[in-house]
There are 2 protein chains.
Amino acid sequence: MDKIIIEARVNELATRRGNPHVPFLPREIIADATACHDEGAAIVHFHGRTADGAPDHDPAFYLETNAGIRARSDILIHPTLGYVANDADAKGRFAAVEEMMKSADTAPDFAPMDCGSVNVDWWNTQEGRYDTTELIYKNSTGTLMYFAERIRHYGLAPYLVSWNVSFTRQIEQFLKMGVLAEPAYVCFCMTDEIIFAGHPGSEAGLDAHTAFLPKEFRTVWTAVNYKGDLFQLTEKIIRQGGHVSIGLGDYAYTADGRNLRNAEVIAKVVAQARASGREPATVAETRQILNMPKIRLAA
Amino acid sequence: MDKIIIEARVNELATRRGNPHVPFLPREIIADATACHDEGAAIVHFHGRTADGAPDHDPAFYLETNAGIRARSDILIHPTLGYVANDADAKGRFAAVEEMMKSADTAPDFAPMDCGSVNVDWWNTQEGRYDTTELIYKNSTGTLMYFAERIRHYGLAPYLVSWNVSFTRQIEQFLKMGVLAEPAYVCFCMTDEIIFAGHPGSEAGLDAHTAFLPKEFRTVWTAVNYKGDLFQLTEKIIRQGGHVSIGLGDYAYTADGRNLRNAEVIAKVVAQARASGREPATVAETRQILNMPKIRLAA
């Protein structure tokens, strides 16, 4: 079976209450990216964070972090556009990437497109109510077309996130329009425990995603469980030819009562994949599987 | 098997280009509601429209239409809150219902809650592109909780629309919170041809909806195909114990090359259901199946 692309999702907006090893600052993210690469990850995804864990959209964060990651390994870089923490317009949300494209040292390899809109309020398990009530993750068709145009302009690869079937269908329409090129790299988002915006992180939840992969186009899919334990599904994903996106950003992974580091989470996925006959894809192999274009820096 | 609740969706925002029998004005909607009731429909859903078909949110439209429907039959009334055509805040979107609650002659029986947010842009099949690019159907958690509170206040029944799995999961959280009562009446929205916001109107699309009905709560489900031919699925829906919501608002139904009227669409569903041993639920039976509360008029 095909090699497996493993992406380390090192921090997202996760706190250190669940797992103290969540990296916040550039040097912490750089260290985790390097360690995850050593274990077999081909992609690293991260969010800019301040020392106390708040979201940090300052482009300087990404310039420093990207350059540090680049200096230590060839792992593919996939920054965020800020999720709901960045409520700017399309141009504003993409502004940090524009800055990153000014130098080969800081240019990323992917930029994300969450291909639709969805309510993403946080659920308070203890109190049985929502902690937030107005968080709509808004990605209009026009905004997505703007992102796609800038991504193509710079020779980046679009990282297409689907939170539900509606997102996957929008990806299909974009493929029909030529807004997206083949193969489409689709990340099926599942969510659990404190957010119910994605599909459940169950076999049924994954099946209800993969059933709607556009049939007339070549696609490559990966899966994530935001706030749930993706290891409930990794064997199924590996068996079905999917790829795996995982890390402490999503879930406070432990083993034998011990908090795991990001690199240990990656090592666990690699061991599972190898046991099923799938070797981790190197960066070069990932580029080939996804037919990634060549970066064009800003003039 | 249980009786089947049939809802006539008489007009939505459909034009008369596809089928000239789409009712716009109060007297046209009243006539269709009565004729659909005669054929076996227990619920009528409609949108206020002007003589030339534009959306009409004037509460006077609903007062006149509801009173006219009430005077002619006991069919249950399910008005719209305006969909994306009404971009007011939560209170503004519910304002027409508040007006309707001032008299027993004009009070509806249901008010809709589309339980989430989703991109709903229109696809241009001929040109292979979107005609709109900024239509996000925004229903925040806070807005939905406001609707639920007003619906409970007036003793109306919430008509819970799910466009995708994320919506269904939000309904489940609302059931956990007591924001919604059992049984939850869930309408699974599928979309086709010129809108891809819902699940596909295929067996897989329906299955990916019903798989996520909250298992710990009593639910009753119906299905709609907005802009697609629901008759591709009615036999499956009937067999699986679902209910049917259908009409010219969704699709320009024809038979033998002839444009059908709403009442003829309903008659066709009734014939299919009876052939499978399911009688159409009367209004009284529908009230019982859905455990509908008693209306409380505005003071």
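We name chains A, B, ... by the order of the sequence lines, and we start the count at 1 in each one. These numbers come from the heavy atoms of this one structure, side chains and all, not from hydrogens, waters or symmetry mates.
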Proximal to chain A - members of residues 157-180 of chain B, heavy-atom separation under 4.5 Å =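 Within residues 157-180 of chain B, the residues that come under 4.5 Å of chain A (heavy atoms only) are W163(B), N164(B), V165(B), S166(B), R169(B), Q170(B), Q173(B), F174(B), K176(B), M177(B).
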
Of all of I136(A), L135(A), T143(A), which one pairs up most often with chain B through heavy atoms under 4.5 Å apart?
->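 The option with the most such pairs is I136(A).
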
Is the count of non-hydrogen atoms from other residues, nucleotides or ligands lying under 6.0 Å from K91(B) atom NZ greater than 12?
->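 No - once you tally the heavy atoms of other residues, nucleotides and ligands closer than 6.0 Å, there are 12 at most.
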
Which atoms form the tightest heavy-atom contact between N119(B) and T141(A), and what is the distance?
->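 What the structure gives for the nearest pair is ND2-N, 3.8 Å.
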
Toward chain B: residues of residues 207-224 of chain A with heavy atoms under 4.5 Å |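 Residues of residues 207-224 of chain A touching chain B at under 4.5 Å: A208(A), F212(A).
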
Does any pair with a residue in residues 126-148 of chain A pass salt bridge (charged side-chain N to carboxylate O under 4.0 Å, His left out), and if so which ones, sequence neighbours excluded?
->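 For residues 126-148 of chain A, and leaving out neighbouring residues, the salt bridge (charged side-chain N to carboxylate O under 4.0 Å, His left out) pairs sorted by first residue read E127(A)-R129(A), R129(A)-D131(A).
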
Could you name each residue pair satisfying salt bridge (charged side-chain N to carboxylate O under 4.0 Å, His left out) that touches residues 146-166 of chain B, not counting sequence neighbours?
->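 Output for this query lists E98(B)-R150(B).
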
Flag side-chain contact, heavy atom, 4.5 Å: S117(A) against V118(B) =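 When only atoms from C-beta onward are counted, V118(B) and S117(A) do not touch, as no gap falls below 4.5 Å.
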
When rounded to the nearest 0.5 angstrom, what distance separates CG in L144(B) from OH in Y130(A)?
->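 So the CG of L144(B) and the OH of Y130(A) are separated by 9.0 Å.
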
